[in-house]
Number of protein chains: 2
Amino acid sequence: MKIQQQEPLSKECIQQLRAIKDTMELLSGKWKIQIIGTLLRGGTMRFMELKRTLNGIAPKKLSNDLQELELNKLITRTVKDTKPITVEYSLTKHGKTLDNLIVEIIDWGLNHRKEIIKE
Amino acid sequence: MKIQQQEPLSKECIQQLRAIKDTMELLSGKWKIQIIGTLLRGGTMRFMELKRTLNGIAPKKLSNDLQELELNKLITRTVKDTKPITVEYSLTKHGKTLDNLIVEIIDWGLNHRKEIIKE
DNA sequence: GATACTAATTTCCTTTAGGAAACTATTAAA
DNA sequence: TTTAATAGTTTCCTAAAGGAAATTAGTATC
């Protein structure tokens, strides 16, 4: 019987798997990419503006996702001294670097749909 | 008071949101990208080879994910008439088109980690 | 004084993802 | 005949994601 050796993964490979995990944890879920995409297109936006544009999101979810994106330095949150108070969200420079990736995700998805439907 | 009008999303925008959803549903989860990445690097592989390489995956999960990837025409499944039977999995031409996207996901993740750690 | 706007938070609930362990069925080697 | 390999399936369980509705709290308009 041939004993199957499990050769340990290279350091580089482990780093790459971690990079995939990092990216996917940030982008997974129903709303995160939509929030980023909306801010990419709309620039600076308020909480209620985002809520209206992201048709159907629950305020709890929007609040949670925004906090998580802020923690990861993808967006900034600014409280304005207006009455009633308004809070402005916009992408950081780092957040804007997701643009290319999102475009690739869209392109692949469009092509995939053609591929699945055709035969 | 200003009534906020909810202008309906353009047809193009709806298509793009659907494309994001399509791609992310395929790639989300703990194992799918790892399975695709493994097959990109390893070429044709058997069930147990995949299971051993994807250190820690439960056979149920591997089986389920492979079925889903096959349904979406990203991989092919071939039963070999050996004793005991072996089943070979490999990426389709369409499945291989995920290469660029995965590379982008890795690159962004590597850069993101630098960005978060630095300050 | 009642209602509505701002931006959330809290509570409760359902659905989905995924892991652990046992089991099926066939074949071959010790 | 016991053990181990092939490729799964089945059952049971926990944790996480996410939705619905109510609540908070300050301000402003009717």
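The sequence lines fix the lettering, A, B, ..., with proteins before strands; numbering per chain opens at 1. Only heavy atoms go into these numbers, but all of them, side chains included; no hydrogens, no water, no symmetry mates. This is a predicted model, so every value here is computed, not measured.
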Could you tell me whether the side chain of B:S63 and the main chain of B:P59 form a donor-acceptor pair under 3.5 Å?
no
Round to the nearest Å and state the distance from B:N64 atom CG to C:dG19 atom C1'.
12 Å
Do A:L17 and A:I14 sit in the same hydrophobic cluster, where Ile, Leu, Val, Met, Phe, Trp and Tyr count as joined when their side-chain heavy atoms come under 4.5 Å apart?
yes
Looking at CG of A:L91 and CG of A:L39, how far apart are the two atoms once the value is rounded to the nearest 0.5 Å?
4.5 Å
Classify the nucleic acid contact of B:E88 as base, sugar-phosphate or nothing, counting any heavy atom under 4.0 Å across all strands shown.
nothing
Between C:dA7, D:dG26, D:dT6, which nucleotide gets closest to the side-chain atoms of A:P84?
D:dG26
A:K80 NZ to D:dT27 C1', in whole Å, measures 19 Å
Look at the side-chain N and O atoms of A:S63 and state whether any lies under 4.0 Å from the OP1 or OP2 oxygen of C:dT9.
yes
Expressed in angstrom and rounded to an integer, what is the separation of B:K51 atom NZ from C:dG19 atom P?
12 Å
Flag the pair B:I36 / B:I75 as yes when at least one side-chain heavy-atom distance between them is below 4.5 Å, and no otherwise.
no
Could you tell me whether a side-chain N or O of B:E49 sits under 3.5 Å from a main-chain N or O of B:R46, the two making a donor and an acceptor?
yes
Linking I/L/V/M/F/W/Y whenever any side-chain heavy atoms sit under 4.5 Å apart, do A:L71 and A:L98 land together?
no
Taking only side-chain N and O atoms of B:R77, does any of them lie within less than 4.0 angstrom of OP1 or OP2 on D:dG8?
yes
Nucleotide by nucleotide, nucleotides 12-23 of chain D touches protein heavy atoms under 4.0 Å in the pattern (B base, S sugar-phosphate only, - none) B-----SBB---
Nearest-nucleotide wise, let me know which of B:T82 and A:F47 is further upstream toward the 5' end of DNA chain C.
A:F47
Charged N-O contact under 4.0 Å between B:E88 and B:R77
no
Can you list every ring pair (Phe, Tyr, Trp, His ring centres under 6.0 Å) pair that touches residues 44-76 of chain B, not counting sequence neighbours?
none
Measure the distance from NZ on A:K83 to C1' on D:dA25 and round it to the nearest whole Å.
15 Å
Rounded to whole Å, please give me the gap between CZ in A:R52 and C1' in C:dT6.
10 Å
When rounded to whole Å, the OH to P distance for the pair A:Y89 and C:dT6 reads 13 Å
Under the side-chain contact (heavy atoms from CB on, under 4.5 Å) criterion, do B:H112 and A:N72 qualify, and how do the steps go?
CA-CA 9 Å; B:H112 175 61; A:N72 278 285; 3.4 Å; yes
Near-strand residues of residues 15-25 of chain A, defined as heavy-atom separation under 4.0 angstrom from DNA chain D:
none
For B:L26 and C:dA17, give me the distance from atom CG to atom P, rounded to whole Å.
13 Å
Measure the distance from CD on B:Q67 to P on D:dA7 and round it to the nearest whole Å.
15 Å
